[in-house]
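Both ligands and their constituent atoms are indexed starting at 1 by order of listing. This one's a predicted model, so the numbers in the text were calculated from it and none came from an experiment.
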Amino acid sequence: MDAIVLLKEDHKTVEALFKRFEQAGERAHVEKRRLVDTITKELVTHAYIEEEIFYPEARAKVPETSDHVLESVEEHHVVVWMLSELKDLDPADERFTAKVTVLIENVRHHVEEEEKDWFPQVRAALGRKELQELGERMAKGKADAPDDPLAIKSAKA
Ligand SMILES: [Fe+2]
Ligand SMILES: [Fe+2]
């Protein structure tokens, strides 16, 4: 599978989960907990393959994406820390939904920048074959992703 197609599919998957969270009732604590756990798994796996495989490849092969990649890593940093906080937060806590709402805003902004600002540069610079090969490496890499959001590289300062 093409690397950028794979990443965009992941983006769609989390967006669908975000919508379900937004539609969940005020008191749907069990459902919200379950959704946040699934969102965490998806986002941690996605951030892992981006940071381990896609981002380094983009910087190496398309140096003009460097600043975008560095900003993306800082955005991941915020997201993985929020995910780690949500792990221990009771969905009945008044801060839970507020925190998820800010998480969703951050991720939507991040995804938009990836898809609009710099993924097209990567697509233009890499050949079809290279993108396929990169996509295969990322699809396999998913199996090695950690569960703990703070085990992601960008979690560190
Ligand atoms: Fe990202
Ligand atoms: Fe992404």
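- Cation-pi contact between Lys8 and Phe119: absent, since separation from the ring centre below 6.0 Å together with deviation from the ring axis within 45° is not met.
- The Fe ion (ligand 1) lies under 2.8 Å from an N, O or S atom belonging to His76.
- In this structure, OE1 of Glu50 and OE2 of Glu114 enclose an angle of 90° at the Fe ion (ligand 1), rounded to 10°.
- For the residue pair His68/Glu114, the side-chain donor-acceptor check at 3.5 Å is not satisfied.
- Residues Glu31 and Leu35 form a side-chain contact, since some pair of their non-hydrogen atoms from C-beta on lies under 4.5 Å apart.
- Note: angle at the Fe ion (ligand 1), from OH of Tyr55 to NE2 of His110, is 100° (rounded to 10 degrees).
- Taking a cutoff of 4.0 Å between a charged side-chain nitrogen and a carboxylate oxygen, Lys140 and Glu133 do not qualify as a salt bridge.
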